[in-house]
Number of protein chains: 2
Amino acid sequence: MNTRTALLDAAEQALRSHGQNGFSYQDLSKTVGIRTASIHYHFPSKAGLIVALIQRYTADVLEALEDLGRSGSTAGQQLRDFVGIYRAALNDGRCLCLCVALLMAPDDVSADGLAEIHRFRAKELRWLERLFAQAQADGTIQNPQDPSAEAAACLALVEGAQINARANHDTAAFDTAVELLLSRTRG
Amino acid sequence: MNTRTALLDAAEQALRSHGQNGFSYQDLSKTVGIRTASIHYHFPSKAGLIVALIQRYTADVLEALEDLGRSGSTAGQQLRDFVGIYRAALNDGRCLCLCVALLMAPDDVSADGLAEIHRFRAKELRWLERLFAQAQADGTIQNPQDPSAEAAACLALVEGAQINARANHDTAAFDTAVELLLSRTRG
DNA sequence: GTCTATATATAGATAGAC
DNA sequence: GTCTATCTATATATAGAC
């Protein structure tokens, strides 16, 4: 196992659980098994580590969404899959989406990091808009409204649902919050 | 002006902007104009300060909701007012609801503080359930579903909308996210 | 690449003078 | 109630040996 990858994995888990200011090189040191000075060899600054983390995470999520878009599934099925991605990210109510976790303290994120996050969220919104436009055509989401309003509401809902779930360390709170949205899907 | 109140005000603003770990007694010292040792006279520990903050904040919000409930307004109007409270709390896209800001790092909140937050959120959900039950009777919210599912979705949505707004330091992002919900209100 | 040792900054908190 | 002075812990980060 690559040390750099192990560090990124440990940092991602810690950041999504405790926020950017909620973990230190000391914590990573214990998890990965090397001294803090050695971590600085791989990632000279914590800000740089976090930018690397954002790049890896957003690339993975965007690839998953592109795969979904190419799957040929109905809009309703893609919406269920999209919600499922955010549900799985919860990790039994302990974690948030990396970008949401970072946006809890936006002033502590480097300018580079923030720019990456904004690019990611803009792409995510465009993906959702395309989804709700498809829904107007295939009819697999009940009572479809303006795609851009639907997309913004959908993203805010799943992010709020994550916060609710982690507040109780309970995935069920997530399910309750998205129940209404999912009940609109047909086929 | 009471020093204790000035400290609470400064701490609330700082916490809602930067999170629990994003402000220090040093910061409060600069804002209020007394030394950090003097702050410890009013609030011996930071954890105690935060519990006091939660108590003041949740009491204020719950009182506002009770006033709304007694106002005799339609369910649609009360929902618009409810969303308006979360919108006003944004403070031009710089702040979150205190409890949401704290739930970003739940492990750093004292057991007392967490208990207060959970009590508050449970009451808020009950208030919303009552609202959506009223909507089924007075018909001022379109297409009403199960009140408890509506309540959970509504709370998650406004909280997610706050995060979206602060990500861009822009209240418009909040408005976009809640547009669909508000468009369901009639009269 | 990883280590020990260390530098530097800042955090929350306490003692005791005024 | 507020101050100066200080304690202790922890943070990010660097220098230089191995």
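It should be emphasised that the depicted structure is a prediction, and the values quoted were computed from it without experimental measurement. Chain letters run A, B, ... following the sequence lines, proteins first, then strands; residues in each count from 1.
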Note to self: Walk me through whether A/Cys97 and A/Arg16 qualify under side chain to side chain contact (heavy atoms under 4.5 Å, CB included).
What the structure shows: CA-CA 7 Å; A/Cys97 161; A/Arg16 289 171 55 189; 5.9 Å; no
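- Residue contacts shown for B/Tyr41 include a base, since a base heavy atom lies under 4.0 Å away.
- Between B/Thr3 and D/dT2 there is a side-chain polar atom (N or O) within less than 4.0 angstrom of OP1 or OP2.
- Of the candidates C/dG1, D/dG1, D/dT4, D/dT4 carries the atom nearest the B/Arg35 side chain, counting heavy atoms from C-beta on.
- Between B/Ser38 and D/dC3, a side-chain N or O to OP1/OP2 separation shorter than 4.0 Å is present.
- Regarding A/Phe43, its CZ atom lies at a distance of 16 Å from the C1' atom of D/dA13, rounded to whole Å.
- The listed nucleotides are C/dA13, C/dT2, C/dA11; the one nearest the side chain of B/Ser24 is C/dA11.
- Side-chain contact between B/Phe132 and B/Ser148 is absent, with no heavy atoms from C-beta onward closer than 4.5 Å.
- When heavy atoms are screened at a 4.0 angstrom cut-off, A/Phe23 is found touching the sugar-phosphate backbone but no base atom.
- The side chain of B/His40 sits closest to C/dA13 out of C/dA13, D/dA11, D/dG1.
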Note to self: Evaluate B/Arg186 against B/Thr140 for side-chain hydrogen bond (donor to acceptor under 3.5 Å, both in side chains), listing each step before the verdict.
What the structure shows: CA-CA 5 Å; B/Arg186 299 273 182 269; B/Thr140 57; over 6 Å; no
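- Between the P atom of C/dC3 and the CD1 atom of A/Ile39 lies a distance of 9 Å, rounded to the nearest Å.
- The CG-P distance, from A/Asn21 to C/dA9, rounds to 19 Å in whole Å.
- Across the protein-nucleic acid pair, A/Leu7 atom CG and C/dG1 atom P stand 12 Å apart, rounded to whole Å.
- Nearest to the side-chain atoms of B/Lys46 among the listed nucleotides D/dA13, C/dG12, C/dT14 stands C/dG12.
- Separating the CG atom of A/Asp108 from the P atom of D/dT12 is a distance of 12 Å, rounded to the nearest angstrom.
- Taking 4.5 Å as the limit, some side-chain heavy atom of A/Ile141 sits within range of a side-chain heavy atom of A/Leu79.
- Between B/Leu98 and B/Phe120, every side-chain heavy-atom pair lies at or beyond the 4.5 Å cut-off.
- Between the CD atom of B/Gln20 and the C1' atom of C/dG12 there is a distance of 13 Å, rounded to whole Å.
- Distance, A/Ile34 CD1 to C/dG1 P: 11 Å, rounded to whole Å.
- For B/Tyr25, the listed nucleotide lying nearest its side chain is C/dG12; candidates were C/dG12, C/dC3, D/dA5.
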